[in-house]
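Below is one structure, written out as C-alpha cells, with a few remarks after it.
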Number of protein chains: 2
Amino acid sequence: MPAFEFSQGQMKPMLVTSAALGVVESKPVSNFVDGQSIYSDGERAGQVYRVEFGAVRVYRVLASGRRQILDFHLGGNWFGLQNEDFRRSSAEAIGTTGIKSISLRETRYIWQGLLPVVLENFSSAQEHQLVIGRQSALERVAAFLLEMSNRAGGTCRFDLFMPRIDIADYLGLTIETVSRALTKLKNGSIIRLQGTRGVEIVNYRALQNLCL
Amino acid sequence: MPAFEFSQGQMKPMLVTSAALGVVESKPVSNFVDGQSIYSDGERAGQVYRVEFGAVRVYRVLASGRRQILDFHLGGNWFGLQNEDFRRSSAEAIGTTGIKSISLRETRYIWQGLLPVVLENFSSAQEHQLVIGRQSALERVAAFLLEMSNRAGGTCRFDLFMPRIDIADYLGLTIETVSRALTKLKNGSIIRLQGTRGVEIVNYRALQNLCL
DNA sequence: CGTTAGTTTGAGGTAAGTCAACTCTAGTGG
DNA sequence: CCACTAGAGTTGACTTACCTCAAACTAACG
C-alpha cells in the first residue's frame with residue numbers, strides 16, 4: 001500500500017473514504033472483559049483504537065469523584081486519538097469487547113483517514129454539549145434513546161450495552177432521575193422496556209418531539 | 001510552497017507544526033461587527049476560518065429557543081471545520097472581529113495541519129462536557145475564569161470579550177446564576193471585577209481548588 | 001446629563017438530587 | 001427446574017441548587 005493515497009480530484013478531503021485506515025485490518029483483536037481498562041488518565045498515549053465488537057466508555061473523573069462519560073464507542077468506532085502526549089481521560093470495556101489498535105507511530109501514514117474520524121468524534125461531542133447544557137432530564141433521556149437507536153442501525157428494538165449508572169454519568173444525571181424518566185416514557189407508551197437492557201421505541205415521533 | 005510537506009522523521013504527526021496552514025497568511029482579513037453572522041445553521045459549509053483579532057462564538061439553538069454556546073474562539077484559533085456538507089451550528093463575531101478564511105477546496109493541501117486544529121477543538125469540547133455535565137454553578141464559573149485567563153496568556157488581569165448572557169449560554173446556566181457566582185467569588189476575595197468586563201484573579205489557587 | 005441595555009439583587013417556585021426502602025432480575029447452585 | 005442471592009433498578013419522601021420573575025442598580029453611549 002502506498003504511504004499516501006491522495007485523491008487529487010477530491011474536493012472535500014473530510015469526506016475521503018477511510019480506505020487508508022485499512023492498516024488496522026491486519027491487526028489482531030484484543031479481548032477485554034467487562035470493566036477492563038483500555039487506557040487510563042495520566043498514561044502516555046501510544047495507540048489509537050477501533051472497536052470490533054462490544055462497547056467502550058471514555059470518561060473523566062473530577063478529584064471529587066464525580067464522573068462524566070464523554071462518549072460511548074460501539075462496533076466500528078474509532079477512539080483514543082489526541083494531541084497531547086498523556087491521556088486526560090480513561091477508556092474501559094463495557095461487557096466483553098474486542099479492540100484493534102494501531103500505534104501512533106503508524107498514524108503518519110493515514111492522516112487523511114484520521115481527520116474524518118476525529119471530526120466525527122468532535123461532532124458527537126458538540127451534539128452532546130447541547131444535550132447536557134440545555135436539555136431537561138426527560139429530554140436528555142429521550143435524546144439518548146434516539147442516539148442509541150441510531151447507532152444500533154435505526155431499529156426501534158435494541159439493547160442498551162450499559163447499566164443505568166453509565167447512562168446517568170453520560171447525561172449528567174443520577175441513576176434515579178434516569179430511571180424516573182424511563183418510567184415516564186414507558187407510562188406514556190412512548191417506549192417499552194424488556195428486562196433491564198431491552199428497549200423498544202413504540203412512538204418514535206413522540207420521542208423526537210421531546211428533543212426540540 | 002509545496003502542496004505537501006511531509007516531515008518523514010516525525011513520529012507524532014498530531015504534533016506537527018502548523019506550517020502547512022501558512023496558506024491562510026496570504027488571505028485578506030474580513031472584518032465583522034459585533035453580532036454579525038459568520039455562518040449559520042443549515043448553510044452549506046464552504047470555508048474554514050481563523051480568528052485574527054476579536055472573538056467568535058459558535059452555538060446551536062434548540063427549536064424551543066434555548067441556546068448552547070459550544071465554544072469561544074479567540075485570536076489565532078481555527079474554527080468551522082466539519083465533516084458534514086451543511087452547518088449544524090452558527091458562528092457570530094463578538095465585538096469588532098477580523099477573520100481570515102480558506103475554502104474547503106484548498107484544505108486538501110493542508111490535511112496534516114488541520115488534524116491538530118480539530119484535535120484541539122475536540123479536546124476543548126470534551127473539557128467542556130465535564131464542566132457542564134458534572135460541575136456546580138460556582139465551579140463552572142470558576143473553570144470559565146481560569147479558561148479565559150489561560151487563553152489571555154495566563155495573566156491574572158484580563159477582559160472578558162463577551163456579555164453575561166454568552167457566559168451563561170456557554171456554561172448551561174442563566175445570567176442571574178452567573179452573576180451570583182461572580183459576586184460570591186468577589187465577596188470571597190478570590191476575584192476582583194472592574195466594570196462589566198474586567199476581571200482580576202486575586203487568589204488563583206482558590207479558584208483552581210473550586211474546580212476539583 | 002439622560003437614556004438604555006446590561007447587570008445585579010431579591011423572593012419564591014421547581015426540577016433534579018439525596019437518602020432510604022423496596023423490587024426485580026439475572027446468575028448460581030441445590 | 002426451581003430457590004436463593006446479590007447486584008441492579010425502581011419508587012417514594014424530602015431537600016436543595018438553580019431557575020423564574022420582578023425590581024433596582026450601573027455603566028457605557030450619545
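The shown structure was predicted, so the numbers you read here are calculated from the model rather than taken from an experiment. Computation of the quantities below employed the complete heavy-atom set of this structure, encompassing side-chain atoms and omitting hydrogens, waters and symmetry-equivalent molecules. Lettering of chains follows the sequences in order, A, B, ..., and the numbering in each one begins at 1.
Here the closest non-hydrogen pair linking Phe86(A) and Gly42(A) is CD2-O, 3.3 Å. Leu138(A) and Ala181(A) get closest at one heavy-atom pair: CD1-O, 3.8 Å.
Of the charged side-chain nitrogens involved, none lies within less than 4.0 Å of a carboxylate oxygen, so that Glu176(B) and Arg180(B) do not count as a salt-bridged pair. Salt bridge status for Asp41(B) with Arg67(B): absent, with no side-chain N to carboxylate O gap under 4.0 Å.
Judged purely by atom type and a 3.5 angstrom limit, Arg44(B) has no side-chain atom pairing as donor or acceptor with the backbone of Asp85(B). Between the side chain of Gln68(A) and the main chain of Asp169(A), a donor-acceptor pair closer than 3.5 Å is present. Side chain of Arg134(A) to backbone of Arg66(B): no donor-acceptor contact under 3.5 angstrom is found. No donor-acceptor distance shorter than 3.5 angstrom exists from the side chain of Ser103(A) to the backbone of Gln47(A), with no hydrogens or angles considered. A donor-acceptor contact shorter than 3.5 Å links the side chain of Thr183(A) to the backbone of Ser179(A). Remark: side-chain polar atoms of Ser64(B) are paired, donor with acceptor, to backbone N or O of Leu212(A) under 3.5 angstrom.
The closest side-chain heavy-atom distance from Ser89(B) to Val58(B) is below 4.5 Å. Looking at Arg140(B) and Thr177(B), their side chains never come closer than 4.5 Å, going by heavy atoms from C-beta outward.
Annotation: salt bridge (charged side-chain N to carboxylate O under 4.0 Å, His left out) contacts involving residues 182-192 of chain A, sequence neighbours excluded, comprise Arg192(A)-Glu200(A). Sorted by first and then second residue, the ring pair (Phe, Tyr, Trp, His ring centres under 6.0 Å) pairs with a member in residues 181-212 of chain B form an empty list; sequence neighbours excluded. A ring pair (Phe, Tyr, Trp, His ring centres under 6.0 Å) check over residues 164-183 of chain A, counting only residues at least two apart or in different chains, returns the pairs Phe72(A)-Tyr170(A), His128(A)-Tyr170(A), Phe144(A)-Tyr170(A). Pairs passing the salt bridge (charged side-chain N to carboxylate O under 4.0 Å, His left out) check and including a residue from residues 201-212 of chain A, sequence neighbours excluded, do not occur.
Nucleotides of DNA chain D lying under 4.0 Å from heavy atoms of chain B occupy a range whose first and last members, 5' to 3', are dC18(D) to dA28(D).
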Nucleotides 21-26 of chain C: which of its N/O atoms have a protein N/O under 3.5 Å away?
from: dA26(C); atom 1: OP1; to: Thr196(A); atom 2: N; distance (Å): 3.4

Please list, pair by pair, any protein nitrogen or oxygen found under 3.5 Å from a nitrogen or oxygen in nucleotides 12-15 of chain C.
none

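Using five terminal pairs a side, the axes of the helix from dC1(C)-dG30(D) to dG30(C)-dC1(D) at its two ends make an angle of 40°, given in steps of 10 degrees.
Residue Glu92(B) is tested with Tyr39(B), Tyr59(B), Phe32(B) for a side chain to side chain contact (heavy atoms under 4.5 Å, CB included); the sole match is Tyr59(B).
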- Decide yes or no on side chain to side chain donor-acceptor pair (under 3.5 Å) for Gln82(A) and Arg87(A), but give the supporting numbers first. CA-CA 8 Å; Gln82(A) 58 174 52; Arg87(A) 296 291 178 195; 3.3 Å; yes

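Taking CG of Leu130(A) as the reference point, atom CG of Leu62(B) lies at 4.5 Å (rounded to 0.5 Å).
Residues of residues 157-164 of chain B having a heavy atom closer than 4.0 Å to DNA chain C, listed by number: Pro163(B), Arg164(B). Taking every heavy atom of residues 165-176 of chain B and every atom of DNA chain D, pairs under 4.0 Å involve Gly172(B), Leu173(B), Thr174(B), Glu176(B), by number. Residues from residues 56-73 of chain A that place a heavy atom under 4.0 Å from any atom of DNA chain D: there are none.
Applying the salt bridge (Lys or Arg N to Asp or Glu O under 4.0 Å) criterion to Glu127(A), with sequence neighbours excluded, gives Arg60(B), Arg88(B).
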